[in-house]
Amino acid sequence: MASSLGDILVREKAVTPDQLRTAKDFQKKHDVPLGSALISLGYISGEEMAQSLSRQLGYPYIDLDQFEVFPDVIGLITAEAAKKQMIMPIHRIRSFLTLAMLDPTDLDVIEDIRFRTGLSIQPVIASENGILNAINKHYGASHSLRLKKEAEEIALASADEKITILEEGPEDFEAAEIEEITDEAPIITLVNNILIEAIKKGASDVHFEPYERSFRVRFRIDGILYESMNLPLKFRDPVTSRVKILSNMDIAEKRLPQDGRIQMRVKLEKGGRKDVDMRVSSLPTIFGEKIVCRILDRENLQIDLTRLGFEAESLDLFKKAIVRPWGIVLVTGPTGSGKTNTLYSAISTLNAMEKNIMTAEDPVEFYIPGINQVNIRDEINLNFATALRAFLRQDPDIMLVGEMRDQETVDVAVKAALTGHLVFSTVHTNDAASTVHRLINMNVEPFLIADSIFMIVAQRLVRRVCKKCAVPQKLPVRTLIEMGYLPEEAEQVVPLHGRGCEACNNTGYKGRTGLFEVMEVTPAIKELIMSRGQSKEIKAKAMEQGMITLRRSGLVKVKNGITTPEEVLRETVRD
C-alpha cells in the first residue's frame, strides 16, 4: 500500500505525529489539502516538504518559478480546480500530461485529472509557493490572453487596410450592446472590452501607457496596479484617439493635457443595467499621450459610517464631532486614501430637510440628492475660496470644501467656522498631528487653528483578505511585537492571508477598508497648538488621551482577520 503524505513526512522526521494530527484537524475544518494545512500552521516550509517527498518517492522536484509552462495545457484544468487541489499543468506530450503537485501521493486528485483531461498523468513535485505563483501568473492572465488574441486579429485584419475609428457621441454609451456586437470596427471592440472588463473586475482606474516599443494597459484594483495587456506600438494612436473621442476631447490636440468624461451603461450578469461615469485625463509624454480613466461606480460608494472601518471608540468621537453646530472637521491623507468617501458619509448622515448643505469639489465625483454641489473651475476663477465666499451668502448650515490647498481658502473656512458654520475639508498630510504645522506653514495663526478646528482624522486604505480563500498564517511572536503588538497580545494573534481564488482574481484580497486616526482637539492639545508645539508632542499627548493611531488601527484589523500584516506595514509606520 502506498504511503500517504503524512506518513512520509513523519518518517522523514520533517513533522511530528502530534503536528500531523493537528494538521489533519485543520484540514477537515478548513477544507484544504493536508500539505497546505502543514504549511499554514508553520510546521514545515513548502521547499522542505517538496524536497522530502522527492527524496522518498523518487519523483523529480521542479522550481516552477524557473520553469516555462506551455500555454496550450492551461485550458485543460480550471483555475478553481488547480487552486483547490494545489496542482499546475505544465507540459503535454501526446497522451501524457506532466502535472506539478504539492502531494503526488493523492491518487484521488490524479484520477480526477485523468478523468477530466482523458490523459495519462505524470506527476512532478513543486512547492506550494511555486504552484500558487504559477496559477496566479497563468490563470490570472486569461483576460489578457483574450484581449491579446483580439489585438492580433486586429493586426491581421489591418495588415492590408487602414484601421478606421467610428466616431460616436460620448453620451449614453451603450457598452453592453457593443460588447455583443462582433462586426463592429475592431478598435472600437477592443477599447470597449478593456473598459467593460475593468468595470467587471472592480477596477478604480484604467491606465493606457505608451512606451518606446509597446503600449501597456493596466488596471488599478483595490489600490494596486496590475498589467492587463501589452499591445504593439501600432495600437497607440488608434486606441488613444478612440478613448479621446468617447470622452469628448480634441483628438487633434496632443501637446497639452486634457480632461473629459465617459458615460457607460453596463449590462449586469444578473440582469438589468447600471450607469458608470468615467473621468478621463490625457497627459503628453515623450512617447505619446498617456490616458487614465477614473471609474466612478456609484454602487462602490460606501456612505454608511459604520462600514468604513472606524474602530468603535473612534467612530463615537467622529459622530459626536459632526453633529456640532460650528467648527472645522479635517480629513487628511494622500491621494486615493478614501477621504472623499469619508466626507460624503459624514454629510449624508447629516443630510436632512432642515439643513442647507453646500459642497465645493474638484470635481464633483458623485451626486448626492438634497445637497447643493458645485464644480470648481479654476479657468474662470471659480476656486475654493471664491465658492466659499459665495456659500456664505446662501444661508448655509454645513459646507464641504474639497481641499484646503492655499491660505486664502483656509482663511475663509476659519472665518466661516468661527461665525457659526460647520465646515468639512481635506488636507494632504501624513498623520493627524502634522496637520497643525501644515496649516501654520500656510501662515494661519495658531490661535485661529486652536479655536476653529475641533477634529482631525487621518486615514489610509488597506486591502481586505478574501473571505473565500483566507487561511491562518502563523508568524513568529517576535515579528508581531516588532509590528507594535504587546507581548501578551502577540501570543494570541494569528493573522490570515488569502491563498488566491477566482473570486479575488487570484490576489488573496477582495475589497478595501480604512485605517483611521481620530484626533480630537482637546484643551490640552489646544495649548500645544497655541505654543507651537512640535507634531510629535501633539501626537504623544493625543495618544496619552486615548487616540488610536493609524498603526494601531491596522493591528486591530489584523487581529480581527480583516487585513494582513503586509498591508498594514505598507501603509503605516511604527508609533
Backbone N or O of Cys504 within a donor-acceptor pair of the Thr507 side chain at under 3.5 Å? yes
Tell me if a side-chain donor or acceptor on Lys539 pairs with a main-chain N or O of Gln534 at a distance below 3.5 Å. no
To the nearest 0.5 Å, tell me how far Leu233 CG sits from Glu212 CD. 9.0 Å
State the CG-CD1 distance between Leu330 and Ile453, to the nearest 0.5 angstrom. 4.5 Å
Can you tell me how far the CD1 atom of Ile562 sits from the NZ atom of Lys467, to the nearest 0.5 Å? 8.5 Å
Please examine the side chains of Asp362 and Arg405, heavy atoms only from C-beta on, and report whether any two atoms are closer than 4.5 Å. yes
Would you say that more than 12 heavy atoms from the other residues, nucleotides or ligands in this model lie under 6.0 Å from the CZ of Arg570, or not? yes
Indicate yes or no: does Asp259 engage Arg279 in a salt bridge with an N to O separation below 4.0 Å. no
Go through the steps to decide whether His428 and Lys339 satisfy the test side-chain contact (heavy atoms from CB on, under 4.5 Å), and finish with yes or no. CA-CA 10 Å; His428 285 197; Lys339 301 187 296 297; 3.8 Å; yes
For residues Ile245 and Ile251, determine if any side-chain heavy atom of one lies less than 4.5 Å from a side-chain heavy atom of the other. yes
So, do Phe384 and Asp406 sit near enough that their side-chain heavy atoms are less than 4.5 Å apart? no
Please examine the side chains of Leu392 and His421, heavy atoms only from C-beta on, and report whether any two atoms are closer than 4.5 Å. yes
Close side-chain approach of Lys254 to Thr240, heavy-atom, < 4.5 Å: no
Glu361 side chain to Gln373 main-chain N or O, any donor-acceptor pair under 3.5 Å? no
For the atom pair CG (Leu400) and OG (Ser425), what is the distance rounded to the nearest 0.5 Å? 7.0 Å
With a cut-off of 6.0 Å (strictly less than), are more than 12 heavy atoms of other residues, nucleotides or ligands near CZ of Arg574? yes
In sequence, state the C-alpha distance, the side-chain angles, and the governing distance for Lys244 and Glu289, and then conclude on side-chain contact (heavy atoms from CB on, under 4.5 Å). CA-CA 10 Å; Lys244 290 174 73 174; Glu289 292 176 279; 2.9 Å; yes
Any donor-acceptor N/O pair, Lys83 side chain to Gly500 backbone, under 3.5 Å: yes
Only one of Glu517, Arg460, Arg551, Glu567 clears side chain to side chain donor-acceptor pair (under 3.5 Å) with Thr572; which? Arg551
Does one side chain, of Thr359 or Tyr344, offer a donor that lies under 3.5 Å from an acceptor on the other? no
Please assess Met519 against Ile538 for the test side-chain contact (heavy atoms from CB on, under 4.5 Å), listing each intermediate value before the final yes or no. CA-CA 10 Å; Met519 187 180 83; Ile538 295 173; 3.8 Å; yes
Using only atom types and a distance under 3.5 Å, with no angle test, would you say the side chain of Lys290 pairs donor to acceptor with the backbone of Pro210? no
Separation between CZ (Arg499) and NE2 (His497), nearest 0.5 Å, reads 6.5 Å
Quick one: CG on Leu225 to CZ on Arg220, what's the gap to the nearest 0.5 Å? 3.5 Å
Given Arg464, which of Thr513, Asp222, Thr563 fulfils the side chain to side chain contact (heavy atoms under 4.5 Å, CB included) condition? Thr513
What are the two closest heavy atoms between Cys293 and Leu195, and how far apart are they? SG-CD2, 4.4 Å
Minimal heavy-atom distance between Pro565 and Val558, with the atoms involved, is N-CG2, 3.8 Å
Are the charged groups of Arg389 and Glu408 less than 4.0 angstrom apart, N to O? yes
So among Asn341, Thr332, Thr342, which one has a side chain to side chain donor-acceptor pair (under 3.5 Å) with Gln459? Thr342
Ignoring hydrogens, what is the shortest heavy-atom contact between Ala417 and Ile328? Give both atom names and the distance. CB-CG1, 3.5 Å
Note: Arg216-Glu209 ion pair, threshold 4.0 Å (strictly below): yes
Would you confirm whether Asn356, through its side chain, and Asp397, through its main-chain N or O, come within 3.5 Å as a donor-acceptor pair? no
For Val364, is there any backbone N or O sitting under 3.5 Å from a side-chain donor or acceptor partner on Asn375? yes
Evaluate Val518 against Phe310 for side-chain contact (heavy atoms from CB on, under 4.5 Å), listing each step before the verdict. CA-CA 9 Å; Val518 178; Phe310 281 99; 3.8 Å; yes
How about Phe219 and Ile194: do any of their side-chain heavy atoms sit closer than 4.5 Å? yes
Can you check whether Val401 reaches Val412 side chain to side chain, under 4.5 Å on heavy atoms? no
When every non-hydrogen atom of Ser535 is compared with those of His437, the smallest separation belongs to OG-CD2, 3.5 Å
Least distance between heavy atoms, Asn230 atom then Ser214 atom: OD1-CB, 3.2 Å
Any side-chain donor-acceptor pair under 3.5 Å between Asp411 and Asn443? no
Heavy-atom side-chain proximity of Lys355 to Leu350 below 4.5 angstrom: no
Has the side chain of Glu253 got a donor or acceptor atom that lies under 3.5 Å from a matching backbone atom of Arg255? yes
Heavy-atom closest contact (Pro396 atom, Met358 atom, distance): CB-SD, 4.3 Å
Would you find a donor on one side and an acceptor on the other, under 3.5 Å apart, between the side chain of Thr435 and the backbone of Asp431? yes
Decide whether Thr386 and Asn383 meet the rule of one side-chain donor and one side-chain acceptor closer than 3.5 Å. yes
Just by modelled atom types, is the Ile291 backbone N or O under 3.5 Å from a matching donor or acceptor in the Ser282 side chain? no
